[in-house]
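The structure under discussion appears below in the form of structure tokens.
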Amino acid sequence: MARETQENKTIRDERYDAHNVETKWYERFQQDPTLYAAEVNSTKPKYYVLEMLPYPSGVLHMGHVRNYAIGDALARYMWMNGYNVLHPMGWDSFGLPAENAAISNNTPPREWTLRNIGNMKAQMKRLGFAYDWDREVTTCFPDYYRWNQWFFLKFYERGLAYRKKSRVNWCPNCATVLANEQVLANGCCWRHEATPVEQRDLEQWFLRITSYAEELLRDLGKLEDWPEKVRTMQRNWIGCSAGVLIDFKLAPSGSLPQSATITVFTTRVDTIYGATSLQLAPEHPLVADLTASDPALRDQVERMLAEQRKAKELGDIGEIEKHGVNTGRFAINPYNGERVPIWVANYILMEYGTGAIMSVPAHDQRDYDFAKKYRLEVRPVIQPRPSSELASQVDFATSAFTPTDGVLVNSGPFTGLQCEEAIKKMAEYAQQHGFGKPTITYRLKDWGVSRQRYWGTPIPMLYCEKDGIIPVPEKDLPVVLPDKVEITLSGGSPLANLPEFLNTTCPKCGGAARRETDTMDTFVDSSWYFYRYADAHNQRAPFDSNTIDYWFPIDQYIGGVEHAILHLIYSRFWTKVMRDMGIIKNDEPVKRLFTQGMVIKDGAKMSKSLGNVVTPDTMVERFGADAARIYSLFAAPPDRDLDWKDSGIEGIQRFLGRVYRLFVRNISPSLGTSADPDGRRPSAEARQIQRKLHQTIKRVSDDFQGRWHFNTSISAVMELVNQLYAVEDEISKLPAKLVAQVEKSLVLMLAPFAPYLAHELWEMLGEEGSLLRAPWPTYDPELAKEEEIEIAVQVNGKLRARIIVAHDAGRDLVEQRALSHEKVKAALAGKEIVKVIVVPGKLVNVVVR
RNA sequence: GCGAAAGUGGCGGAAUUGGCAGACGCACCAGACUUAGGAUCUGGCGGGGAAACCCAUGGGGGUUCGAGUCCCCCCUUUCGCACCA
């Protein structure tokens with residue numbers, strides 16, 4: 001009876017109870033709030049690792065867990081390598097969902113947000129993420145957003161914040177303005193995928209990001225440690241093209257002033273002698289004047305506009321057929337004085353360039369298509385050189401000739417020039433004669449930051465009847481967002497209905513003034529939050545510049561590729577403005593960027609409607625935080641999508657149990673004290689274990705320093721554990737020092753991935769110091785080398801045999817051994833050996849005829 | 001349409017520089033221990049074949065002594081851009 005109890009106890013003790021162990025260490029970790037704190041005035045090299053801050057939507061999802069598991073492993077690894085690590089976390093806590101929740105749950109946005117932050121923070125702590133919570137940034141707190149306002153004033157002073165009436169994307173469901181980026185390809189709202197976005201004209205605040213377009217584009221070249229994909233996306237987004245603006249004067253007629261001109265933007269001024277019409281966007285300001293005297297024309301343009309709007313809503317823009325109307329008016333080509341007809345066409349975008357183009361059907365495919373439809377003249381002015389292979393392909397009966405590899409014809413004084421040269425000369429000519437100038441046009445638009453919503457940073461501006469637009473004086477910041485408001489879905493900001501917020505006095509004249517009621521786009525919050533982490537409690541400034549010098553740029557930023565454009569361009573913009581303000585020195589915020597893949601389930605994105613949502617809480621409860629973390633790193637390389645499978649995490653749970661059991665069974669005082677056999681060469685088994693250990697340390701270390709394929713790091717550790725199991729019966733015969741070294745190294749290697757189990761084992765090993773700062777194990781390349789290696793022997797590239805030789809066996813010996821192998825001899829019978837290729841350490845290939 | 005990435009067992013994936021394809025894990029099969037096993041341990045596990053061997057990294061060509069890896073063409077999937085003058 002007593003014996004049975006003893007056995008039961010042993011079995012129970014060998015089984016790893018993740019829940020108990022994790023709870024125990026969770027409580028210990030909570031007792032020391034400085035556990036993960038970055039050092040101030042440290043002499044160590046710094047390392048700033050950052051994961052994108054979450055929106056506090058309510059609960060963490062597996063995508064967060066994966067993102068943070070990557071960053072946490074890296075932070076812990078860097079700590080163990082002696083770095084002063086900054087690893088902070090915060091909350092992107094302004095934004096629309098809080099208002100939606102307010103309406104549907106009747107909970108104030110602030111309360112809802114703070115409750116979610118509480119939940120998610122608890123989840124993060126339970127998952128064991130090593131954040132310096134003392135530096136937590138919550139963007140909806142006045143001590144943070146007051147600096148948004150401060151920056152806004154600075155931007156305004158520098159002419160980088162301005163107000164203009166503009167046609168904006170309006171989501172009737174959100175009842176707010178959307179940035180272009182927030183409009184989906186199908187013309188619907190990014191939050192309401194079935195709600196078509198409308199166009200409205202409103203006074204809006206803009207940030208002049210276009211002033212930095214050139215630098216934002218150029219400096220992409222510096223971001224060598226960013227994924228090429230992200231750089232390409234940003235490059236396309238900024239969309240630079242060099243060309244010339246050319247003024248076409250209107251041919252005199254009717255009521256239009258003779259001085260009126262139409263400016264077109266072109267990258268191919270060399271083709272201008274082939275221009276056979278001008279094409280205006282339907283929204284072009286001159287269109288109204290041009291069509292004023294002709295109601296039928298007016299009508300056609302109106303229909304075109306309506307059709308475009310509809311196409312935009314349906315997402316078919318770009319697919320509607322090109323068509324247009326002839327206004328019956330003419331403009332003068334400044335190069336040759338020719339009269340060209342002015343058309344209005346649906347394929348001309350008002351948002352790009354000047355909203356007007358010169359149409360050269362012979363040398364632009366779109367113009368060609370249009371010209372064919374309306375039987376406009378196709379007039380070639382570029383010819384390929386007769387020697388060029390392009391020459392045979394030219395056929396103006398079927399398509400335009402668009403390459404710049406050619407020579408000008410029928411182009412007045414420019415005839416005979418090569419395209420590239422002509423572009424340069426003709427631009428100069430236009431400038432000299434005052435009807436044009438070289439220009440660079442960007443696709444990038446200024447950043448509209450106004451939102452007609454409540455839950456955001458109030459824009460610190462006032463409107464005085466006498467003095468006009470007046471910035472709130474710095475000393476009056478923050479403009480605090482009032483708590484008591486009624487939130488509705490109707491248009492306009494709820495702040496506009498709040499007299500105590502709205503009405504104030506003008507700081508200039510003392511008279512009555514009205515506050516701006518728009519709030520800022522939340523991308524403002526996330527454009528500079530990572531600077532605040534470096535100096536989170538500063539009351540006098542957004543941060544101290546010297547502190548920023550120490551920590552920046554961020555060494556490693558980790559997040560989803562969905563932020564490749566917006567957040568990461570706005571952040572780069574903000575950094576450059578702050579540099580120009582003189583408060584920071586770095587040109588770029590982020591040195592190295594990593595974009596992790598999505599977590600999916602059954603091949604689809606997790607979503608409530610599909611019922612395939614896996615929640616971190618459930619996983620922690622069933623398998624433990626360590627298992628959830630390791631699985632999210634093990635199931636796929638971090639940059640690829642990860643298909644979540646519960647059976648997979650069970651495998652990790654088993655692995656952790658195996659590690660634990662190994663330690664429980666094989667840690668004993670006798671092992672720790674038994675002396676090594678003196679002067680004797682270690683046994684083959686001992687050498688083998690030692691070799692495996694050094695190989696494992698190498699593999700895991702290499703993965704951290706290189707590709708971040710933690711799936712292979714973890715499998716390396718699994719292999720080590722498997723090998724220890726394979727010799728488990730013999731472990732007591734191995735040198736105690738080696739066993740201790742293997743066990744200690746194993747714990748150290750687990751520490752970045754499974755901090756809870758690692759701490760438990762560390763304690764079991766009787767280690768004194770903190771595991772968090774314990775030095776990462778090192779390997780000896782000599783000890784990692786195999787003593788004997790298997791060499792593949794091929795005959796004509798086909799595997800025929802394997803031989804085992806000493807790792808340092810010479811070529812001749814290897815060749816001789818290979819050729820004397822029975823199977824090889826058989827394969828060589830009756831053949832003539834042409835040559836023998838020996839790749840040391842790898843294989844022998846015998847080439848025969 | 002343009003651009004990028006990817007395509008390897010039943011599944012997730014490994015093979016970092018051209019050198020033994022399938023590490024590690026899941027699932028599955030067999031065995032051991034057991035009153036029991038949804039615990040644990042051991043072994044097996046790409047396909048064909050009795051075996052020798054043969055076939056196999058989306059398909060087809062090529063370079064090479066040797067190709068998952070390099071080159072060309074095609075197919076599929078995912079992502080980004082999409083009248084940008």
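Keep in mind it's a predicted model, so treat the numbers as computed, not measured. Note on naming: letters A, B, ... go to the chains in the order of the sequence lines (proteins, then strands), and numbering restarts at 1 for each one.
Using a 3.5 Å distance cut-off with no hydrogens or angles, the side chains of A:E786 and A:Q695 do pair a donor with an acceptor. A donor and an acceptor atom, one from each side chain of A:T398 and A:Y368, are nowhere located under 3.5 Å apart.
Nucleotide B:C81 holds its C1' atom 6 Å from the CG atom of A:N236, rounded to whole Å. Atom P of nucleotide B:G19 and atom CD1 of A:I791 are separated by 14 Å, given to the nearest angstrom. The CE-P distance, from A:M233 to B:A5, rounds to 14 Å in whole Å. Between A:I600 atom CD1 and B:U78 atom C1' the separation is 10 Å, expressed in whole Å. One atom, CG of A:D639, and another, P of B:C79, lie 17 Å apart when rounded to the nearest Å. B:C54 atom C1' lies 13 Å from atom CG of A:L799, rounded to whole Å. Between A:I649 atom CD1 and B:G13 atom P there is a gap of 17 Å when expressed in whole angstrom units.
Taking atom P in both B:G43 and B:G25, the straight-line distance is 12 Å, to the nearest Å.
Across all strands shown, B:A30 forms a Watson-Crick or G-U wobble pair, both distances under 3.5 Å, with B:U42.
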Encode nucleotides 22-47 of chain B as B, S and - characters from 5' to 3', where the letter depends on protein heavy atoms closer than 4.0 Å: B to the base, S only to sugar-phosphate, - to neither. -BBSSS-----------SSS------

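Near-neighbour residues of RNA chain B inside residues 832-839 of chain A, defined by a heavy atom below 4.0 Å, number-ordered: A:I837, A:V839.
A heavy-atom distance below 4.5 Å is not found between the side chains of A:H363 and A:T402.
Residue contacts shown for A:K322 include a base, since a base heavy atom lies under 4.0 Å away.
The pair A:K373-A:E321 meets the salt-bridge criterion, since a charged nitrogen lies less than 4.0 angstrom from a carboxylate oxygen.
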